[in-house]
Amino acid sequence: MLQLGFIRQNTALVKERLAIKNFKAIDLVDVVLQFDDQRKKLQLESDTTQSKINTISKEIGQLMAKGEKEKAEDKKKEVAVLKSSLQPIADQLQKVESQLNDALVTLPNLPAKSVPPGKTPAENITIREGGAKPKLFPGAVPHWDLAKKYNLIDFELGNKITGSGFPFYINKGAKLQRALIQYFLDYNLAAGYTEYQPPLMVNEATAFGTGQLPDKEGQMYYMNEDKYYMIPTAEVPLTNIYRDEIVKETDLPLKMTGYTPCFRREAGSYGKDVRGLNRLHQFDKVEIVQIVHPDKSYEVIEGMVAHIEKLLQSLELPYRILLLCGGDMSFASALTYDFEVYSAAQEKWLEVSSVSNFETFQTNRMKIRFKDSNNKTQLVHSLNGSSLALPRIVACLLENHQTENSIELPPALHPYFGSPSII
RNA sequence: GGAGAGAUGCCAGAGUGGUUGAAUGGGACUGUCUCGAAAACAGUUUUACGCCUAAUCCGUGUAACGAGGGUUCGAAUCCCUCUCUCUCCGCCA
(Lines give C-alpha, C1' and ligand atoms only; values in the text may rest on other atoms or scores of the structure.)
Protein backbone atom coordinates (compact mmCIF):
# COMPACT_ATOMS: atom_id res chain seq x y z
CA MET A 1 0.00 0.00 0.00
CA LEU A 2 1.02 3.58 -0.52
CA GLN A 3 2.64 5.52 2.29
CA LEU A 4 0.33 8.05 3.89
CA GLY A 5 3.05 10.64 4.36
CA PHE A 6 3.90 10.44 0.69
CA ILE A 7 0.28 10.87 -0.37
CA ARG A 8 -0.03 13.91 1.86
CA GLN A 9 3.09 15.58 0.56
CA ASN A 10 2.56 14.69 -3.09
CA THR A 11 -1.19 14.62 -3.49
CA ALA A 12 -1.26 16.02 -7.00
CA LEU A 13 1.46 13.70 -8.19
CA VAL A 14 -0.30 10.68 -6.68
CA LYS A 15 -3.52 11.50 -8.53
CA GLU A 16 -1.68 12.06 -11.76
CA ARG A 17 0.15 8.74 -11.47
CA LEU A 18 -2.96 6.81 -10.53
CA ALA A 19 -4.62 8.17 -13.65
CA ILE A 20 -1.81 6.70 -15.74
CA LYS A 21 -2.59 3.39 -14.15
CA ASN A 22 -6.11 3.86 -15.40
CA PHE A 23 -7.42 3.91 -11.85
CA LYS A 24 -10.96 5.21 -11.80
CA ALA A 25 -11.67 6.23 -8.22
CA ILE A 26 -9.13 9.05 -7.95
CA ASP A 27 -11.33 10.74 -5.37
CA LEU A 28 -10.29 8.04 -2.93
CA VAL A 29 -7.04 9.95 -2.50
CA ASP A 30 -8.90 12.86 -0.94
CA VAL A 31 -11.05 10.50 1.05
CA VAL A 32 -7.94 8.91 2.48
CA LEU A 33 -6.53 12.27 3.50
CA GLN A 34 -9.80 13.29 5.10
CA PHE A 35 -9.92 10.10 7.12
CA ASP A 36 -6.34 10.71 8.13
CA ASP A 37 -7.16 14.22 9.33
CA GLN A 38 -10.02 12.85 11.38
CA ARG A 39 -7.82 10.12 12.73
CA LYS A 40 -5.19 12.58 13.94
CA LYS A 41 -7.73 14.78 15.59
CA LEU A 42 -9.37 11.87 17.36
CA GLN A 43 -6.08 10.41 18.42
CA LEU A 44 -5.02 13.70 19.97
CA GLU A 45 -8.24 13.83 21.96
CA SER A 46 -8.00 10.22 22.96
CA ASP A 47 -4.33 10.41 23.95
CA THR A 48 -4.84 13.54 26.01
CA THR A 49 -7.71 12.02 27.94
CA GLN A 50 -5.89 8.77 28.44
CA SER A 51 -2.90 10.70 29.70
CA LYS A 52 -5.06 12.35 32.36
CA ILE A 53 -6.48 9.00 33.38
CA ASN A 54 -3.02 7.52 33.71
CA THR A 55 -1.84 10.40 35.88
CA ILE A 56 -4.81 10.14 38.23
CA SER A 57 -4.49 6.38 38.43
CA LYS A 58 -0.94 6.78 39.65
CA GLU A 59 -2.14 9.26 42.23
CA ILE A 60 -4.74 6.78 43.41
CA GLY A 61 -2.02 4.23 43.88
CA GLN A 62 -0.04 6.62 46.03
CA LEU A 63 -3.08 7.63 48.07
CA MET A 64 -3.95 3.98 48.71
CA ALA A 65 -0.40 3.35 49.86
CA LYS A 66 -0.73 6.18 52.36
CA GLY A 67 -4.08 4.87 53.45
CA GLU A 68 -5.99 7.97 52.34
CA LYS A 69 -8.98 6.04 51.17
CA GLU A 70 -11.50 8.83 50.88
CA LYS A 71 -9.30 10.95 48.65
CA ALA A 72 -8.69 7.89 46.52
CA GLU A 73 -12.42 7.33 46.13
CA ASP A 74 -12.84 10.91 44.92
CA LYS A 75 -10.15 10.35 42.35
CA LYS A 76 -11.84 7.20 41.18
CA LYS A 77 -14.96 9.19 40.47
CA GLU A 78 -12.88 11.64 38.49
CA VAL A 79 -11.50 8.79 36.39
CA ALA A 80 -14.97 7.40 35.83
CA VAL A 81 -16.05 10.70 34.30
CA LEU A 82 -13.01 10.84 32.05
CA LYS A 83 -13.50 7.27 30.98
CA SER A 84 -17.07 7.80 29.97
CA SER A 85 -16.02 10.77 27.89
CA LEU A 86 -13.23 8.71 26.34
CA GLN A 87 -15.45 5.86 25.23
CA PRO A 88 -17.19 7.56 22.30
CA ILE A 89 -13.91 9.04 21.11
CA ALA A 90 -12.21 5.65 21.18
CA ASP A 91 -15.09 4.07 19.26
CA GLN A 92 -15.00 6.80 16.67
CA LEU A 93 -11.23 6.53 16.36
CA GLN A 94 -11.41 2.84 15.75
CA LYS A 95 -14.07 3.33 13.11
CA VAL A 96 -12.11 6.03 11.31
CA GLU A 97 -8.93 3.96 11.43
CA SER A 98 -10.59 1.03 9.77
CA GLN A 99 -12.22 3.27 7.17
CA LEU A 100 -8.86 4.86 6.48
CA ASN A 101 -7.23 1.49 6.15
CA ASP A 102 -9.94 0.11 3.88
CA ALA A 103 -9.58 3.06 1.56
CA LEU A 104 -5.80 3.08 1.62
CA VAL A 105 -5.58 -0.59 0.79
CA THR A 106 -7.78 -0.02 -2.26
CA LEU A 107 -5.29 2.36 -3.88
CA PRO A 108 -3.00 0.62 -6.36
CA ASN A 109 0.71 1.29 -6.53
CA LEU A 110 1.91 4.29 -8.50
CA PRO A 111 3.50 3.52 -11.84
CA ALA A 112 7.12 4.58 -12.27
CA LYS A 113 8.01 7.57 -14.41
CA SER A 114 9.03 5.35 -17.31
CA VAL A 115 5.64 3.63 -17.52
CA PRO A 116 3.79 4.58 -20.69
CA PRO A 117 0.12 5.55 -20.45
CA GLY A 118 -2.36 3.17 -22.01
CA LYS A 119 -5.39 1.09 -21.21
CA THR A 120 -4.95 -2.22 -22.96
CA PRO A 121 -2.19 -4.70 -23.74
CA ALA A 122 -2.10 -3.22 -27.24
CA GLU A 123 -0.44 -0.17 -25.78
CA ASN A 124 2.45 -2.03 -24.19
CA ILE A 125 5.82 -1.15 -25.66
CA THR A 126 8.08 -3.79 -27.14
CA ILE A 127 11.53 -3.11 -25.73
CA ARG A 128 13.33 -5.68 -27.80
CA GLU A 129 12.98 -9.01 -29.53
CA GLY A 130 15.40 -11.87 -29.76
CA GLY A 131 15.67 -15.21 -31.51
CA ALA A 132 14.25 -15.91 -34.93
CA LYS A 133 10.78 -17.35 -35.41
CA PRO A 134 11.25 -20.87 -36.79
CA LYS A 135 9.88 -21.94 -40.14
CA LEU A 136 7.88 -25.04 -39.41
CA PHE A 137 7.58 -27.82 -41.93
CA PRO A 138 4.18 -28.42 -43.54
CA GLY A 139 2.15 -30.59 -41.22
CA ALA A 140 3.65 -29.19 -38.05
CA VAL A 141 1.08 -29.24 -35.23
CA PRO A 142 0.31 -27.44 -31.98
CA HIS A 143 1.69 -28.73 -28.72
CA TRP A 144 -1.49 -30.47 -27.63
CA ASP A 145 -1.23 -32.72 -30.66
CA LEU A 146 2.46 -33.30 -30.03
CA ALA A 147 1.71 -34.09 -26.41
CA LYS A 148 -0.65 -36.80 -27.57
CA LYS A 149 1.55 -38.09 -30.35
CA TYR A 150 4.53 -38.63 -28.04
CA ASN A 151 2.44 -39.40 -24.95
CA LEU A 152 3.88 -36.49 -22.96
CA ILE A 153 0.82 -34.91 -21.42
CA ASP A 154 -2.66 -36.30 -20.81
CA PHE A 155 -5.29 -33.61 -20.46
CA GLU A 156 -8.27 -35.98 -20.39
CA LEU A 157 -6.78 -37.98 -17.58
CA GLY A 158 -6.41 -34.75 -15.63
CA ASN A 159 -10.09 -34.03 -16.24
CA LYS A 160 -10.98 -37.41 -14.82
CA ILE A 161 -8.82 -37.08 -11.73
CA THR A 162 -9.48 -33.44 -10.94
CA GLY A 163 -10.99 -31.26 -13.61
CA SER A 164 -10.02 -29.17 -16.58
CA GLY A 165 -6.76 -27.31 -16.23
CA PHE A 166 -5.03 -30.01 -14.21
CA PRO A 167 -3.05 -32.07 -16.71
CA PHE A 168 -0.96 -35.17 -16.14
CA TYR A 169 2.61 -35.11 -17.39
CA ILE A 170 3.75 -38.56 -18.39
CA ASN A 171 7.01 -40.28 -19.30
CA LYS A 172 9.26 -37.89 -21.22
CA GLY A 173 6.78 -35.13 -20.57
CA ALA A 174 7.22 -35.55 -16.82
CA LYS A 175 10.96 -35.81 -17.23
CA LEU A 176 11.07 -32.64 -19.28
CA GLN A 177 9.27 -30.80 -16.48
CA ARG A 178 11.78 -32.08 -13.97
CA ALA A 179 14.69 -31.16 -16.24
CA LEU A 180 13.44 -27.62 -16.75
CA ILE A 181 12.88 -27.04 -13.04
CA GLN A 182 16.34 -28.31 -12.21
CA TYR A 183 17.92 -26.24 -14.97
CA PHE A 184 16.12 -23.04 -13.98
CA LEU A 185 16.98 -23.45 -10.30
CA ASP A 186 20.65 -24.16 -11.02
CA TYR A 187 20.76 -21.12 -13.27
CA ASN A 188 19.33 -18.93 -10.48
CA LEU A 189 21.64 -20.40 -7.86
CA ALA A 190 24.61 -19.54 -10.06
CA ALA A 191 23.40 -15.93 -10.01
CA GLY A 192 23.53 -15.86 -6.21
CA TYR A 193 19.93 -16.65 -5.31
CA THR A 194 19.19 -18.82 -2.29
CA GLU A 195 16.86 -21.73 -2.92
CA TYR A 196 13.71 -22.21 -0.86
CA GLN A 197 10.98 -24.80 -0.92
CA PRO A 198 8.11 -22.88 0.61
CA PRO A 199 4.71 -24.06 1.79
CA LEU A 200 2.10 -24.19 -0.96
CA MET A 201 -0.64 -22.90 1.29
CA VAL A 202 -0.44 -19.60 3.10
CA ASN A 203 -2.42 -17.79 5.73
CA GLU A 204 -4.33 -14.57 5.34
CA ALA A 205 -1.58 -12.26 6.59
CA THR A 206 0.81 -13.68 4.01
CA ALA A 207 -1.68 -13.33 1.18
CA PHE A 208 -2.29 -9.77 2.25
CA GLY A 209 1.41 -8.94 2.39
CA THR A 210 2.12 -9.35 -1.29
CA GLY A 211 -1.19 -7.79 -2.35
CA GLN A 212 -3.27 -10.86 -3.23
CA LEU A 213 -5.79 -9.81 -0.61
CA PRO A 214 -8.15 -8.12 -0.62
CA ASP A 215 -7.86 -7.39 -4.33
CA LYS A 216 -7.51 -10.81 -5.92
CA GLU A 217 -9.37 -12.99 -3.50
CA GLY A 218 -11.33 -14.81 -6.20
CA GLN A 219 -8.17 -15.82 -8.00
CA MET A 220 -6.99 -18.14 -5.22
CA TYR A 221 -8.18 -21.52 -4.04
CA TYR A 222 -9.24 -21.33 -0.43
CA MET A 223 -9.26 -24.01 2.25
CA ASN A 224 -12.29 -23.06 4.22
CA GLU A 225 -11.67 -25.40 7.16
CA ASP A 226 -8.23 -24.03 7.91
CA LYS A 227 -8.44 -20.61 6.31
CA TYR A 228 -5.46 -21.18 4.05
CA TYR A 229 -4.97 -20.04 0.48
CA MET A 230 -3.24 -22.12 -2.19
CA ILE A 231 -0.41 -20.01 -3.52
CA PRO A 232 -0.91 -18.49 -6.98
CA THR A 233 2.87 -18.00 -7.21
CA ALA A 234 5.97 -18.61 -5.09
CA GLU A 235 6.28 -14.84 -4.86
CA VAL A 236 3.74 -14.95 -2.02
CA PRO A 237 5.59 -17.18 0.47
CA LEU A 238 9.06 -16.05 -0.64
CA THR A 239 8.52 -12.32 -0.28
CA ASN A 240 6.79 -12.84 3.06
CA ILE A 241 9.84 -14.56 4.52
CA TYR A 242 11.02 -11.20 5.82
CA ARG A 243 7.64 -9.85 6.84
CA ASP A 244 7.76 -7.80 10.06
CA GLU A 245 11.53 -7.76 10.10
CA ILE A 246 14.11 -5.05 10.19
CA VAL A 247 16.97 -6.41 8.13
CA LYS A 248 20.57 -5.28 8.18
CA GLU A 249 21.50 -2.90 5.42
CA THR A 250 24.64 -4.98 4.85
CA ASP A 251 22.48 -8.06 4.21
CA LEU A 252 20.86 -6.41 1.19
CA PRO A 253 20.13 -7.49 -1.44
CA LEU A 254 18.27 -10.61 -0.29
CA LYS A 255 17.88 -12.93 -3.25
CA MET A 256 15.51 -15.87 -3.14
CA THR A 257 14.44 -18.44 -5.65
CA GLY A 258 12.09 -21.36 -5.44
CA TYR A 259 10.21 -23.88 -7.47
CA THR A 260 6.55 -24.40 -6.67
CA PRO A 261 3.38 -25.49 -8.33
CA CYS A 262 1.06 -22.50 -8.68
CA PHE A 263 -2.70 -22.61 -8.31
CA ARG A 264 -5.06 -20.21 -10.01
CA ARG A 265 -8.80 -20.39 -10.32
CA GLU A 266 -8.79 -18.35 -13.52
CA ALA A 267 -12.50 -17.73 -13.14
CA GLY A 268 -14.03 -16.51 -16.36
CA SER A 269 -11.34 -17.79 -18.73
CA TYR A 270 -12.46 -19.95 -21.59
CA GLY A 271 -12.07 -20.63 -25.28
CA LYS A 272 -8.91 -21.06 -27.27
CA ASP A 273 -6.82 -19.16 -24.72
CA VAL A 274 -7.13 -22.10 -22.39
CA ARG A 275 -6.39 -24.80 -24.94
CA GLY A 276 -3.60 -27.21 -24.08
CA LEU A 277 -0.97 -25.70 -21.82
CA ASN A 278 -1.92 -22.11 -22.49
CA ARG A 279 -3.77 -21.55 -19.25
CA LEU A 280 -3.97 -24.01 -16.37
CA HIS A 281 -5.30 -24.13 -12.84
CA GLN A 282 -2.13 -25.80 -11.64
CA PHE A 283 1.23 -25.18 -13.21
CA ASP A 284 4.90 -25.25 -12.30
CA LYS A 285 7.02 -22.17 -11.98
CA VAL A 286 10.44 -21.16 -10.74
CA GLU A 287 10.40 -17.73 -9.22
CA ILE A 288 13.04 -15.17 -8.26
CA VAL A 289 12.47 -12.56 -5.57
CA GLN A 290 14.72 -9.77 -4.37
CA ILE A 291 14.53 -7.50 -1.35
CA VAL A 292 16.79 -4.54 -2.03
CA HIS A 293 17.92 -1.11 -0.93
CA PRO A 294 15.46 1.52 -2.21
CA ASP A 295 18.18 3.26 -4.22
CA LYS A 296 18.95 0.07 -6.09
CA SER A 297 15.62 -1.36 -7.25
CA TYR A 298 15.59 0.15 -10.73
CA GLU A 299 19.09 -1.06 -11.36
CA VAL A 300 18.14 -4.48 -9.99
CA ILE A 301 15.08 -4.88 -12.19
CA GLU A 302 17.20 -4.36 -15.29
CA GLY A 303 19.56 -7.02 -13.98
CA MET A 304 16.67 -9.41 -13.47
CA VAL A 305 15.43 -8.75 -16.99
CA ALA A 306 18.89 -9.50 -18.38
CA HIS A 307 19.04 -12.64 -16.24
CA ILE A 308 15.76 -13.98 -17.62
CA GLU A 309 16.58 -12.90 -21.14
CA LYS A 310 19.75 -15.00 -21.12
CA LEU A 311 17.82 -17.96 -19.81
CA LEU A 312 15.34 -17.68 -22.67
CA GLN A 313 18.16 -17.35 -25.17
CA SER A 314 19.66 -20.57 -23.88
CA LEU A 315 16.36 -22.29 -24.62
CA GLU A 316 16.57 -21.06 -28.21
CA LEU A 317 13.08 -19.66 -28.22
CA PRO A 318 12.04 -16.47 -30.01
CA TYR A 319 11.06 -13.92 -27.40
CA ARG A 320 10.13 -10.32 -26.93
CA ILE A 321 10.24 -8.07 -23.91
CA LEU A 322 7.36 -5.71 -23.25
CA LEU A 323 7.21 -2.68 -21.05
CA LEU A 324 3.67 -2.76 -19.70
CA CYS A 325 1.54 0.33 -19.99
CA GLY A 326 -0.23 1.76 -16.96
CA GLY A 327 -3.53 0.07 -17.63
CA ASP A 328 -2.08 -3.41 -18.08
CA MET A 329 0.06 -3.45 -14.94
CA SER A 330 -0.86 -5.32 -11.80
CA PHE A 331 -2.31 -3.63 -8.75
CA ALA A 332 0.91 -3.76 -6.73
CA SER A 333 3.50 -3.05 -9.39
CA ALA A 334 5.38 0.16 -10.13
CA LEU A 335 7.14 -1.15 -13.20
CA THR A 336 6.62 -4.40 -15.06
CA TYR A 337 8.34 -6.08 -17.96
CA ASP A 338 6.64 -9.08 -19.53
CA PHE A 339 8.47 -11.74 -21.45
CA GLU A 340 6.64 -13.52 -24.22
CA VAL A 341 7.80 -16.43 -26.33
CA TYR A 342 6.53 -17.19 -29.78
CA SER A 343 4.42 -20.26 -30.18
CA ALA A 344 5.14 -21.20 -33.78
CA ALA A 345 2.29 -23.61 -34.35
CA GLN A 346 -0.32 -21.43 -32.68
CA GLU A 347 1.28 -18.40 -34.28
CA LYS A 348 0.97 -16.27 -31.21
CA TRP A 349 2.98 -14.83 -28.35
CA LEU A 350 2.62 -16.42 -24.92
CA GLU A 351 3.59 -14.74 -21.67
CA VAL A 352 6.18 -16.78 -19.78
CA SER A 353 7.55 -14.30 -17.31
CA SER A 354 6.65 -11.07 -15.64
CA VAL A 355 9.28 -9.03 -13.83
CA SER A 356 8.13 -6.31 -11.49
CA ASN A 357 9.43 -3.68 -9.14
CA PHE A 358 6.97 -3.08 -6.31
CA GLU A 359 9.07 -0.39 -4.65
CA THR A 360 7.61 -0.07 -1.12
CA PHE A 361 4.09 -1.17 -2.00
CA GLN A 362 4.49 -4.69 -0.67
CA THR A 363 7.08 -3.92 1.97
CA ASN A 364 4.85 -1.26 3.48
CA ARG A 365 2.18 -3.90 3.94
CA MET A 366 4.68 -6.39 5.25
CA LYS A 367 6.74 -3.89 7.24
CA ILE A 368 10.05 -5.05 5.84
CA ARG A 369 12.54 -2.34 6.76
CA PHE A 370 16.21 -1.66 7.29
CA LYS A 371 18.23 0.87 9.23
CA ASP A 372 20.09 3.25 6.99
CA SER A 373 23.47 4.84 7.73
CA ASN A 374 21.73 7.58 9.74
CA ASN A 375 20.11 4.87 11.82
CA LYS A 376 16.72 5.77 10.44
CA THR A 377 14.33 2.92 9.70
CA GLN A 378 12.98 2.87 6.19
CA LEU A 379 11.19 0.48 3.90
CA VAL A 380 13.11 -1.71 1.47
CA HIS A 381 11.99 -2.37 -2.09
CA SER A 382 10.75 -5.75 -3.29
CA LEU A 383 10.92 -7.23 -6.78
CA ASN A 384 10.13 -10.51 -8.39
CA GLY A 385 10.10 -12.33 -11.67
CA SER A 386 9.30 -15.71 -13.12
CA SER A 387 12.28 -17.67 -14.25
CA LEU A 388 10.30 -19.26 -15.71
CA ALA A 389 6.69 -20.46 -15.89
CA LEU A 390 6.88 -23.95 -17.32
CA PRO A 391 3.77 -24.77 -19.35
CA ARG A 392 4.10 -22.20 -22.07
CA ILE A 393 7.83 -22.80 -22.28
CA VAL A 394 7.06 -26.47 -22.79
CA ALA A 395 4.42 -25.60 -25.38
CA CYS A 396 6.92 -23.53 -27.34
CA LEU A 397 9.77 -26.00 -26.97
CA LEU A 398 7.56 -28.74 -28.38
CA GLU A 399 6.10 -26.69 -31.20
CA ASN A 400 9.14 -24.70 -32.29
CA HIS A 401 11.60 -27.54 -32.15
CA GLN A 402 9.45 -30.24 -33.70
CA THR A 403 10.65 -32.16 -36.71
CA GLU A 404 8.82 -34.80 -38.72
CA ASN A 405 9.42 -37.49 -36.14
CA SER A 406 11.01 -35.97 -33.09
CA ILE A 407 11.46 -32.89 -30.97
CA GLU A 408 14.99 -31.53 -30.72
CA LEU A 409 15.89 -29.96 -27.40
CA PRO A 410 18.30 -27.03 -27.02
CA PRO A 411 21.82 -28.02 -25.84
CA ALA A 412 21.38 -26.32 -22.46
CA LEU A 413 18.79 -28.95 -21.57
CA HIS A 414 20.67 -32.00 -22.77
CA PRO A 415 22.51 -32.72 -19.51
CA TYR A 416 19.30 -32.22 -17.55
CA PHE A 417 17.05 -34.20 -19.83
CA GLY A 418 19.67 -36.84 -20.48
CA SER A 419 19.08 -36.84 -24.19
CA PRO A 420 19.16 -34.31 -27.07
CA SER A 421 15.65 -35.00 -28.26
CA ILE A 422 12.24 -36.42 -27.55
CA ILE A 423 11.32 -39.20 -29.88
C1' G B 1 -7.48 -36.21 18.19
C1' G B 2 -6.68 -36.61 24.11
C1' A B 3 -3.77 -34.82 28.75
C1' G B 4 -0.37 -31.31 30.68
C1' A B 5 3.26 -27.09 30.42
C1' G B 6 4.42 -22.66 28.16
C1' A B 7 4.62 -17.92 24.81
C1' U B 8 8.37 -11.38 27.90
C1' G B 9 13.16 -6.83 24.33
C1' C B 10 18.60 -8.87 19.14
C1' C B 11 19.41 -13.62 22.39
C1' A B 12 19.07 -15.95 27.26
C1' G B 13 16.11 -15.02 31.34
C1' A B 14 13.58 -12.28 35.94
C1' G B 15 9.11 -10.27 36.93
C1' U B 16 1.92 -12.82 39.75
C1' G B 17 -2.09 -5.99 40.28
C1' G B 18 0.58 0.42 41.26
C1' U B 19 7.00 5.37 38.80
C1' U B 20 8.17 -1.95 34.73
C1' G B 21 9.13 -0.08 28.12
C1' A B 22 10.36 -3.72 31.46
C1' A B 23 15.68 -6.40 36.49
C1' U B 24 20.07 -9.35 35.42
C1' G B 25 23.43 -11.64 31.95
C1' G B 26 25.06 -11.99 26.89
C1' G B 27 25.46 -9.64 22.18
C1' A B 28 25.89 -5.14 19.34
C1' C B 29 27.34 0.02 19.10
C1' U B 30 30.02 4.61 21.09
C1' G B 31 33.89 6.70 24.11
C1' U B 32 38.45 6.30 27.31
C1' C B 33 42.98 3.43 27.11
C1' U B 34 46.39 1.24 22.93
C1' C B 35 50.89 1.70 17.38
C1' G B 36 46.58 -1.47 16.61
C1' A B 37 43.63 -5.16 18.93
C1' A B 38 42.04 -7.73 23.32
C1' A B 39 40.90 -6.81 28.32
C1' A B 40 39.05 -3.18 31.66
C1' C B 41 36.03 1.04 32.69
C1' A B 42 31.93 4.55 31.27
C1' G B 43 27.75 5.17 28.23
C1' U B 44 24.07 3.75 24.44
C1' U B 45 20.86 0.03 22.60
C1' U B 46 12.58 -1.60 20.41
C1' U B 47 8.60 -0.19 17.37
C1' A B 48 4.09 2.34 15.70
C1' C B 49 1.13 6.57 15.86
C1' G B 50 0.14 11.71 17.76
C1' C B 51 1.65 16.74 19.55
C1' C B 52 5.66 20.33 19.04
C1' U B 53 9.08 21.65 15.07
C1' A B 54 12.12 23.98 9.13
C1' A B 55 13.39 18.92 10.67
C1' U B 56 12.91 11.93 9.48
C1' C B 57 17.14 16.26 15.37
C1' C B 58 15.40 17.46 20.33
C1' G B 59 11.29 17.47 23.69
C1' U B 60 6.67 15.34 24.91
C1' G B 61 1.93 12.06 24.86
C1' U B 62 -0.44 7.32 23.71
C1' A B 63 -0.01 2.21 22.56
C1' A B 64 2.63 -2.60 22.29
C1' C B 65 5.34 -8.33 27.20
C1' G B 66 1.88 -14.40 21.11
C1' A B 67 -3.36 -12.33 19.07
C1' G B 68 -8.26 -10.62 20.41
C1' G B 69 -11.79 -9.57 24.27
C1' G B 70 -12.96 -8.87 29.73
C1' U B 71 -12.32 -7.49 35.20
C1' U B 72 -10.05 -3.05 37.75
C1' C B 73 -9.07 3.72 39.44
C1' G B 74 -4.65 0.87 37.61
C1' A B 75 -2.71 -5.55 34.18
C1' A B 76 3.31 -8.31 31.48
C1' U B 77 0.90 -9.83 36.14
C1' C B 78 -6.28 -11.94 37.25
C1' C B 79 -10.46 -14.12 33.77
C1' C B 80 -12.26 -15.84 28.71
C1' U B 81 -11.43 -17.14 23.45
C1' C B 82 -8.00 -18.09 19.61
C1' U B 83 -3.06 -19.12 17.53
C1' C B 84 1.56 -21.22 18.11
C1' U B 85 5.58 -24.07 20.78
C1' C B 86 7.15 -28.09 24.05
C1' U B 87 6.24 -33.00 26.78
C1' C B 88 3.31 -37.54 27.08
C1' C B 89 -0.55 -40.72 24.66
C1' G B 90 -3.07 -41.99 20.02
C1' C B 91 -2.74 -41.90 14.63
C1' C B 92 0.53 -41.63 10.61
C1' A B 93 3.99 -40.33 5.08
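The aromatic ring centres of A:His293 and A:Phe370 sit less than 6.0 Å apart. Taking the six-membered ring where the residue is Trp, the centroids of A:Phe331 and A:Phe361 are separated by under 6.0 Å. When ring centroids are compared, A:Tyr193 and A:His307 come within the 6.0 Å threshold.
Distances shown here put every side-chain N or O of A:Ser46 at or beyond 4.0 Å from the OP1 or OP2 atom of B:rU62. In this structure, A:Arg369 reaches the B:rA48 phosphate: one of its side-chain N or O atoms is under 4.0 Å from OP1 or OP2.
Comparing the C1' positions of B:rA37 and B:rC11 gives a spacing of 26 Å, expressed to the nearest Å. Separating the P atom of B:rU45 from that of B:rU24 is a span of 13 Å, rounded to the nearest Å. The P atoms of B:rU53 and B:rA63 are separated by 24 Å, rounded to the nearest whole Å. B:rG43 and B:rG25 have their P atoms separated by 12 Å, given to the nearest Å. Spacing between B:rA48 and B:rA42 at atom C1', rounded to whole Å, works out to 32 Å. Nucleotides B:rG21 and B:rA75 have their C1' atoms positioned 14 Å apart, rounded to a whole Å. Atom name P, nucleotides B:rC86 and B:rU16: the rounded distance is 27 Å, in whole Å. Comparing the same atom, P, in B:rG9 and in B:rG68 gives a spacing of 15 Å after rounding to whole Å.
Spacing between atom CG of A:Asn101 and atom C1' of B:rA48 amounts to 14 Å, rounded to whole angstrom units. Atom CG of A:Asn364 and atom C1' of B:rA48 are 12 Å apart (whole Å). The interatomic distance linking A:Ile368 (CD1) with B:rA48 (P) rounds to 14 Å, in whole Å. Whole-Å rounding puts the A:Asp244 CG to B:rC84 P distance at 17 Å. Going from atom CZ of A:Phe370 over to atom P of B:rU47 covers 14 Å, rounded to whole Å. Atom-to-atom, NZ of A:Lys40 to P of B:rU62 comes out at 20 Å; the value is rounded to the nearest Å. If you take CZ of A:Arg8 and C1' of B:rC49, they are 13 Å apart, rounded to a whole angstrom. Going from atom CD of A:Glu97 over to atom P of B:rA63 covers 14 Å, rounded to whole Å.
Searching all strands for a Watson-Crick or G-U wobble partner of B:rU60 with both distances below 3.5 Å returns B:rG50. The partner of B:rG68 is B:rC80, judged by Watson-Crick or G-U wobble contacts that both fall below 3.5 Å. Pair check for B:rC73 finds B:rG18; Watson-Crick or G-U wobble, both atom distances under 3.5 Å. Of all nucleotides present, only B:rA5 satisfies the Watson-Crick or G-U wobble test against B:rU85, with each distance under 3.5 Å. The partner of B:rA93, taking Watson-Crick or G-U wobble pairs whose two distances both stay under 3.5 Å, does not exist in any strand shown. With a cut-off of 3.5 Å on both Watson-Crick or G-U wobble distances, the partner of B:rA55 is given as none. Remark: B:rG36 base-pairs with no nucleotide in the shown strands. Criterion, Watson-Crick or G-U wobble with two distances under 3.5 Å. Base pairing of B:rU45: its partner is B:rG27, meeting the Watson-Crick or G-U wobble criterion (both donor-acceptor distances under 3.5 Å).
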- salt bridge (charged side-chain N to carboxylate O under 4.0 Å, His left out) between A:Glu217 and A:Arg265, intermediate numbers included: CA-CA 10 Å; A:Glu217 182 132 40; A:Arg265 294 187 59 229; over 6 Å; no

Could you list all N or O pairs between the protein and nucleotides 54-60 of chain B that sit under 3.5 Å apart?
from: B:rU56; atom 1: O2; to: A:Lys376; atom 2: NZ; distance (Å): 2.9

Sort me out a list of protein N/O and nucleotides 68-75 of chain B N/O pairs below 3.5 Å, or just none if empty.
from: B:rC73; atom 1: O2'; to: A:Ser57; atom 2: OG; distance (Å): 2.9
from: B:rG74; atom 1: OP1; to: A:Lys83; atom 2: NZ; distance (Å): 2.5

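Across every non-hydrogen atom of A:Pro167 and A:Gln282, the tightest pair is CD-O, 4.4 Å. Nearest heavy-atom pair across A:Asp30 and A:Thr11 is OD1-CG2, 4.4 Å.
If you take NZ on A:Lys119 and SG on A:Cys325, they are separated by 10.5 Å, rounding to the nearest 0.5 Å. Between A:Tyr222 atom OH and A:Lys227 atom NZ the span is 4.5 Å, to the nearest 0.5 Å. Between atom CD of residue A:Gln3 and atom CG of residue A:Leu104 there is a gap of 10.0 Å, rounded to the nearest 0.5 Å.
In this structure, A:Arg365 forms a cation-pi arrangement with A:Phe208, its terminal cationic atom sitting closer than 6.0 Å to the ring centre and no more than 45° off the ring axis.
Residues A:Asp328 and A:Glu123 are not in side-chain contact: their nearest non-hydrogen atoms beyond the backbone lie 4.5 Å or more apart.
When the nucleotides B:rG50, B:rA48, B:rG61 are ranked by their closest atom to the side chain of A:Arg39, B:rG50 comes out on top.
Checked against A:Leu323 for a side-chain contact (heavy atoms from CB on, under 4.5 Å), the options A:Thr336, A:Thr126, A:Leu335 give a single hit: A:Leu335.
Each of A:Leu44 and A:Asn375 was assigned the nucleotide of RNA chain B with the nearest heavy atom; the assignment lying further toward the 5' end belongs to A:Asn375.
Nucleic acid contact class of A:Gln50 (heavy atoms, under 4.0 Å, all strands): sugar-phosphate only.
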